[in-house]
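Working notes for the structure below.
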Amino acid sequence: MSDLITGLRRLHLPTVNRLYAEYEQMATRESWSYTEYLDRLVAEEIAHRIETRVSRAIRAAHLPFIKTIEEFDFQFQKSVERRMLGAYLGPELVSEGRCLILCGPPGTGKTALSVAIAMKAIQNGFDARFVTATQMITALTEADRRGTASEVLPLYLDPDVLVIDEVGYLSYGPNAANVVFQVVNHRYLAGNRSMIFTTNKEPSDWADVLHDADLSEAILDRVLHKGEIIKLKGQSYRRFSARKQEENML
Ligand code: ADP
Ligand code: MG
(Lines give C-alpha, C1' and ligand atoms only; values in the text may rest on other atoms or scores of the structure.)
(Ligands and ions follow the chains in the order given, each with its own letter.)
Protein backbone atom coordinates (compact mmCIF):
# COMPACT_ATOMS: atom_id res chain seq x y z
CA MET A 1 0.00 0.00 0.00
CA SER A 2 2.88 2.37 0.69
CA ASP A 3 3.76 2.02 -3.01
CA LEU A 4 0.33 3.42 -3.84
CA ILE A 5 0.86 6.46 -1.59
CA THR A 6 4.29 7.08 -3.09
CA GLY A 7 2.85 6.74 -6.58
CA LEU A 8 -0.02 9.14 -5.86
CA ARG A 9 2.48 11.66 -4.51
CA ARG A 10 4.65 11.35 -7.59
CA LEU A 11 1.63 11.86 -9.79
CA HIS A 12 0.50 14.84 -7.66
CA LEU A 13 -2.87 13.38 -6.80
CA PRO A 14 -3.31 14.61 -3.20
CA THR A 15 -7.10 14.40 -3.25
CA VAL A 16 -7.08 10.78 -4.39
CA ASN A 17 -4.52 10.12 -1.68
CA ARG A 18 -6.73 11.77 0.92
CA LEU A 19 -9.95 10.05 -0.12
CA TYR A 20 -9.16 6.63 -1.55
CA ALA A 21 -9.43 4.68 1.72
CA GLU A 22 -12.67 6.36 2.77
CA TYR A 23 -14.13 5.86 -0.71
CA GLU A 24 -13.06 2.22 -0.66
CA GLN A 25 -15.31 1.68 2.36
CA MET A 26 -18.15 3.54 0.66
CA ALA A 27 -17.63 1.47 -2.48
CA THR A 28 -17.96 -1.74 -0.50
CA ARG A 29 -20.99 -0.49 1.40
CA GLU A 30 -22.76 0.82 -1.68
CA SER A 31 -21.50 -1.79 -4.16
CA TRP A 32 -19.81 0.62 -6.56
CA SER A 33 -18.13 -0.94 -9.58
CA TYR A 34 -14.36 -0.51 -9.96
CA THR A 35 -14.98 2.06 -12.66
CA GLU A 36 -17.39 3.99 -10.47
CA TYR A 37 -14.86 4.06 -7.63
CA LEU A 38 -12.13 5.33 -9.94
CA ASP A 39 -14.48 7.79 -11.58
CA ARG A 40 -15.44 9.37 -8.25
CA LEU A 41 -11.85 9.71 -7.10
CA VAL A 42 -10.82 11.31 -10.40
CA ALA A 43 -13.80 13.70 -10.26
CA GLU A 44 -12.83 14.77 -6.72
CA GLU A 45 -9.24 15.42 -7.80
CA ILE A 46 -10.41 17.54 -10.74
CA ALA A 47 -12.90 19.50 -8.61
CA HIS A 48 -10.22 20.21 -6.03
CA ARG A 49 -7.76 21.36 -8.70
CA ILE A 50 -10.29 23.78 -10.18
CA GLU A 51 -11.03 25.18 -6.73
CA THR A 52 -7.34 25.67 -6.00
CA ARG A 53 -6.73 27.32 -9.36
CA VAL A 54 -9.70 29.66 -8.95
CA SER A 55 -8.72 30.79 -5.47
CA ARG A 56 -5.12 31.30 -6.56
CA ALA A 57 -6.23 33.32 -9.60
CA ILE A 58 -8.56 35.46 -7.47
CA ARG A 59 -5.67 36.28 -5.15
CA ALA A 60 -3.37 37.07 -8.09
CA ALA A 61 -6.00 39.37 -9.63
CA HIS A 62 -5.79 41.84 -6.69
CA LEU A 63 -9.53 42.52 -6.77
CA PRO A 64 -10.58 45.32 -4.38
CA PHE A 65 -13.56 43.21 -3.26
CA ILE A 66 -15.35 40.08 -4.35
CA LYS A 67 -18.54 40.54 -6.29
CA THR A 68 -20.08 38.03 -8.66
CA ILE A 69 -22.47 38.86 -11.46
CA GLU A 70 -25.11 36.84 -9.59
CA GLU A 71 -24.75 39.27 -6.67
CA PHE A 72 -25.14 42.36 -8.84
CA ASP A 73 -28.57 43.92 -8.44
CA PHE A 74 -29.86 44.68 -11.96
CA GLN A 75 -33.13 45.91 -10.44
CA PHE A 76 -31.26 48.77 -8.83
CA GLN A 77 -28.97 49.47 -11.80
CA LYS A 78 -31.53 49.58 -14.61
CA SER A 79 -29.35 51.28 -17.22
CA VAL A 80 -27.52 48.03 -17.84
CA GLU A 81 -29.16 44.71 -18.57
CA ARG A 82 -27.46 41.44 -17.91
CA ARG A 83 -28.13 40.52 -21.54
CA MET A 84 -25.88 43.41 -22.67
CA LEU A 85 -23.01 41.91 -20.71
CA GLY A 86 -23.29 38.43 -22.26
CA ALA A 87 -20.25 38.83 -24.50
CA TYR A 88 -18.13 39.86 -21.51
CA LEU A 89 -19.13 37.02 -19.24
CA GLY A 90 -18.26 34.06 -21.48
CA PRO A 91 -14.94 32.71 -22.78
CA GLU A 92 -15.25 34.94 -25.87
CA LEU A 93 -14.19 37.86 -23.66
CA VAL A 94 -10.68 36.44 -24.00
CA SER A 95 -10.88 34.39 -27.20
CA GLU A 96 -12.29 37.33 -29.17
CA GLY A 97 -10.43 39.99 -27.20
CA ARG A 98 -13.42 42.08 -26.20
CA CYS A 99 -12.87 45.41 -24.50
CA LEU A 100 -15.30 47.45 -22.46
CA ILE A 101 -15.49 50.95 -21.04
CA LEU A 102 -17.90 51.25 -18.11
CA CYS A 103 -18.71 54.90 -17.78
CA GLY A 104 -20.80 56.69 -15.17
CA PRO A 105 -20.98 58.71 -11.96
CA PRO A 106 -19.69 57.41 -8.60
CA GLY A 107 -21.48 54.52 -6.94
CA THR A 108 -23.29 53.28 -10.04
CA GLY A 109 -21.55 49.89 -9.91
CA LYS A 110 -18.73 50.31 -12.43
CA THR A 111 -16.06 48.74 -10.25
CA ALA A 112 -18.48 46.04 -9.08
CA LEU A 113 -19.28 45.07 -12.69
CA SER A 114 -15.61 45.06 -13.68
CA VAL A 115 -14.88 42.78 -10.71
CA ALA A 116 -17.79 40.50 -11.66
CA ILE A 117 -16.47 40.24 -15.23
CA ALA A 118 -12.97 39.43 -13.97
CA MET A 119 -14.44 36.78 -11.62
CA LYS A 120 -16.29 35.13 -14.51
CA ALA A 121 -13.12 35.13 -16.62
CA ILE A 122 -11.28 33.40 -13.77
CA GLN A 123 -14.07 30.84 -13.45
CA ASN A 124 -13.78 30.31 -17.21
CA GLY A 125 -10.15 29.31 -16.77
CA PHE A 126 -8.37 32.60 -17.49
CA ASP A 127 -6.36 34.93 -15.34
CA ALA A 128 -7.14 38.55 -14.64
CA ARG A 129 -5.47 41.55 -13.09
CA PHE A 130 -7.20 44.52 -11.49
CA VAL A 131 -5.38 47.81 -11.10
CA THR A 132 -6.45 51.41 -10.64
CA ALA A 133 -5.34 53.79 -13.39
CA THR A 134 -3.43 55.78 -10.77
CA GLN A 135 -1.54 52.70 -9.56
CA MET A 136 -0.66 51.61 -13.07
CA ILE A 137 0.38 55.07 -14.26
CA THR A 138 2.49 55.63 -11.14
CA ALA A 139 4.16 52.20 -11.38
CA LEU A 140 4.97 52.57 -15.07
CA THR A 141 6.14 56.19 -14.81
CA GLU A 142 8.44 55.17 -11.98
CA ALA A 143 9.67 52.15 -13.97
CA ASP A 144 10.38 54.34 -17.02
CA ARG A 145 12.43 56.64 -14.83
CA ARG A 146 14.43 53.80 -13.34
CA GLY A 147 14.78 51.91 -16.61
CA THR A 148 12.90 48.88 -15.24
CA ALA A 149 9.89 49.02 -17.59
CA SER A 150 10.67 45.55 -18.94
CA GLU A 151 10.09 44.15 -15.44
CA VAL A 152 6.94 46.11 -14.65
CA LEU A 153 5.13 46.08 -18.02
CA PRO A 154 4.47 42.30 -17.98
CA LEU A 155 2.27 42.79 -14.89
CA TYR A 156 -0.21 44.51 -17.20
CA LEU A 157 0.56 42.63 -20.41
CA ASP A 158 0.53 39.01 -19.25
CA PRO A 159 -2.97 38.59 -17.73
CA ASP A 160 -5.74 37.45 -20.08
CA VAL A 161 -7.99 40.21 -18.76
CA LEU A 162 -6.77 43.60 -17.53
CA VAL A 163 -9.13 45.81 -15.53
CA ILE A 164 -8.07 49.45 -15.32
CA ASP A 165 -10.26 51.13 -12.73
CA GLU A 166 -11.07 54.81 -12.24
CA VAL A 167 -9.68 56.54 -15.30
CA GLY A 168 -10.20 60.22 -14.65
CA TYR A 169 -10.52 60.35 -10.89
CA LEU A 170 -7.25 62.12 -10.34
CA SER A 171 -5.11 64.42 -12.36
CA TYR A 172 -2.26 62.36 -13.67
CA GLY A 173 1.27 63.44 -14.44
CA PRO A 174 2.45 64.44 -17.92
CA ASN A 175 3.57 60.89 -18.74
CA ALA A 176 0.11 59.38 -18.17
CA ALA A 177 -1.08 59.15 -21.78
CA ASN A 178 2.23 57.70 -22.83
CA VAL A 179 2.28 54.83 -20.33
CA VAL A 180 -1.42 54.00 -20.79
CA PHE A 181 -0.82 53.93 -24.54
CA GLN A 182 2.13 51.56 -24.08
CA VAL A 183 -0.07 49.06 -22.25
CA VAL A 184 -3.05 49.42 -24.57
CA ASN A 185 -0.97 49.22 -27.73
CA HIS A 186 1.03 46.18 -26.61
CA ARG A 187 -2.15 44.35 -25.68
CA TYR A 188 -3.82 45.39 -28.93
CA LEU A 189 -0.88 44.22 -31.05
CA ALA A 190 -0.63 40.96 -29.12
CA GLY A 191 -4.00 40.02 -30.60
CA ASN A 192 -6.58 42.33 -29.18
CA ARG A 193 -6.29 41.22 -25.60
CA SER A 194 -9.20 41.99 -23.33
CA MET A 195 -9.28 45.21 -21.31
CA ILE A 196 -12.01 46.61 -19.08
CA PHE A 197 -11.94 50.28 -18.10
CA THR A 198 -14.07 52.09 -15.59
CA THR A 199 -14.34 55.86 -15.73
CA ASN A 200 -16.38 58.74 -14.39
CA LYS A 201 -15.46 60.83 -17.45
CA GLU A 202 -16.95 60.59 -20.91
CA PRO A 203 -14.30 58.98 -23.12
CA SER A 204 -14.38 62.17 -25.18
CA ASP A 205 -12.93 63.91 -22.09
CA TRP A 206 -10.01 61.48 -21.77
CA ALA A 207 -7.87 63.87 -23.81
CA ASP A 208 -8.07 66.35 -20.90
CA VAL A 209 -7.59 63.69 -18.24
CA LEU A 210 -4.51 62.25 -19.92
CA HIS A 211 -3.24 65.63 -21.17
CA ASP A 212 -2.78 64.40 -24.74
CA ALA A 213 -5.50 64.47 -27.38
CA ASP A 214 -3.67 62.41 -30.02
CA LEU A 215 -2.59 59.65 -27.67
CA SER A 216 -5.96 59.49 -25.99
CA GLU A 217 -7.61 59.09 -29.39
CA ALA A 218 -5.11 56.34 -30.27
CA ILE A 219 -5.90 54.60 -26.97
CA LEU A 220 -9.67 54.79 -27.53
CA ASP A 221 -9.34 53.63 -31.16
CA ARG A 222 -7.64 50.45 -30.10
CA VAL A 223 -9.93 49.80 -27.14
CA LEU A 224 -13.05 50.41 -29.19
CA HIS A 225 -11.89 48.39 -32.19
CA LYS A 226 -13.48 45.35 -30.60
CA GLY A 227 -15.03 47.09 -27.68
CA GLU A 228 -17.92 49.22 -26.59
CA ILE A 229 -18.90 51.82 -24.05
CA ILE A 230 -21.63 51.00 -21.56
CA LYS A 231 -23.04 53.99 -19.71
CA LEU A 232 -24.32 53.56 -16.19
CA LYS A 233 -26.74 56.09 -14.81
CA GLY A 234 -28.71 56.71 -11.68
CA GLN A 235 -28.24 56.90 -7.95
CA SER A 236 -25.20 55.82 -6.00
CA TYR A 237 -25.60 52.31 -4.60
CA ARG A 238 -23.41 53.39 -1.68
CA ARG A 239 -26.02 55.94 -0.59
CA PHE A 240 -28.83 53.48 -1.30
CA SER A 241 -27.27 50.74 0.85
CA ALA A 242 -26.46 53.21 3.65
CA ARG A 243 -30.12 54.29 3.65
CA LYS A 244 -31.27 50.67 3.68
CA GLN A 245 -29.04 49.97 6.67
CA GLU A 246 -30.45 52.98 8.51
CA GLU A 247 -34.01 51.83 7.80
CA ASN A 248 -33.20 48.38 9.13
CA MET A 249 -31.91 49.92 12.32
CA LEU A 250 -35.07 51.94 12.96
P1 ADP B 1 -18.43 52.86 -8.80
O2 ADP B 1 -17.20 52.08 -9.17
O3 ADP B 1 -19.34 53.09 -9.97
O4 ADP B 1 -18.13 54.11 -8.06
P5 ADP B 1 -18.91 50.56 -7.12
O6 ADP B 1 -18.97 49.47 -8.12
O7 ADP B 1 -17.66 50.66 -6.32
O8 ADP B 1 -19.27 51.95 -7.79
O9 ADP B 1 -20.17 50.40 -6.14
C10 ADP B 1 -20.13 50.87 -4.79
C11 ADP B 1 -20.54 49.74 -3.86
O12 ADP B 1 -21.88 49.38 -4.11
C13 ADP B 1 -19.70 48.48 -4.05
O14 ADP B 1 -19.54 47.84 -2.81
C15 ADP B 1 -20.56 47.64 -4.97
O16 ADP B 1 -20.33 46.27 -4.78
C17 ADP B 1 -21.97 48.03 -4.59
N18 ADP B 1 -22.89 48.06 -5.74
C19 ADP B 1 -22.97 49.02 -6.68
N20 ADP B 1 -23.94 48.79 -7.55
C21 ADP B 1 -24.50 47.62 -7.17
C22 ADP B 1 -25.57 46.82 -7.69
N23 ADP B 1 -26.29 47.19 -8.74
N24 ADP B 1 -25.87 45.66 -7.05
C25 ADP B 1 -25.15 45.29 -5.96
N26 ADP B 1 -24.14 45.99 -5.42
C27 ADP B 1 -23.80 47.15 -6.02
MG1 MG C 1 -15.24 52.53 -8.79
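Atoms within each ligand, like the ligands themselves, are counted from 1 in listed order.
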As an exercise, identify every atom of ligand 1 less than 4.0 angstrom from a heavy atom of [X].
| X | result |
| --- | --- |
| Q77 | 23 (N) |
| E71 | 25 (C) |
| A112 | 6 (O), 15 (C), 16 (O) |
| F72 | 20 (N), 21 (C), 22 (C), 23 (N), 24 (N) |

Taking 2.8 Å as the cut-off, does an N/O/S atom of T198 lie below it from the Mg ion (ligand 2)? no

Should we count CZ of R82 as having more than 12 external heavy atoms under 6.0 Å? yes

Could you tell me if the ring centre of Y20 sits under 6.0 Å from that of Y23? no

Could you walk me through whether K231 and E202 satisfy the salt bridge (Lys or Arg N to Asp or Glu O under 4.0 Å) test, starting with their C-alpha distance in whole Å, then the side-chain angles of each, then the deciding distance to 0.1 Å, before giving a yes or no? CA-CA 9 Å; K231 291 195 175 161; E202 290 285 327; 3.0 Å; yes

Protein residue, atom and distance nearest to [atom], heavy-atom basis:
| atom | answer |
| --- | --- |
| atom 11 (C) of ligand 1 | R238 CG, 4.1 Å |
| atom 2 (O) of ligand 1 | T111 OG1, 2.8 Å |
| atom 4 (O) of ligand 1 | G107 N, 2.7 Å |
| atom 12 (O) of ligand 1 | Y237 CD2, 3.2 Å |
| atom 23 (N) of ligand 1 | D73 O, 3.0 Å |
| atom 26 (N) of ligand 1 | K67 NZ, 2.9 Å |
| atom 8 (O) of ligand 1 | G109 N, 3.3 Å |

Using salt bridge (Lys or Arg N to Asp or Glu O under 4.0 Å), reason through E36 and R40 one step at a time and then give a plain yes or no. CA-CA 6 Å; E36 202 173 344; R40 291 198 189 213; 3.0 Å; yes

Give a yes or no on whether the backbone of [Y] and the side-chain of [X] come within a donor-acceptor separation of less than 3.5 Å.
| X | Y | value |
| --- | --- | --- |
| H62 | A60 | yes |
| S216 | A207 | yes |
| N124 | K120 | yes |
| Y172 | G168 | yes |

Aromatic rings Y237 and F76: how do their planes relate, parallel, tilted or perpendicular, breaks at 30° and 60°? perpendicular

Using a 4.0 Å heavy-atom threshold (strictly under), name the region of K110 that reaches ligand 1: side chain, backbone, both or neither. both

Side chain, backbone, both or neither: which part of F65 comes within less than 4.0 Å of ligand 1 when only heavy atoms are counted? side chain

Between E228 and R98, does any NZ, NE, NH1 or NH2 come within less than 4.0 Å of an OD or OE carboxylate oxygen? no

Is P106 in polar range of ligand 1, meaning some N or O pair under 3.5 Å apart? no

Any heavy atom of T198 sitting closer than 4.0 Å to ligand 1? no

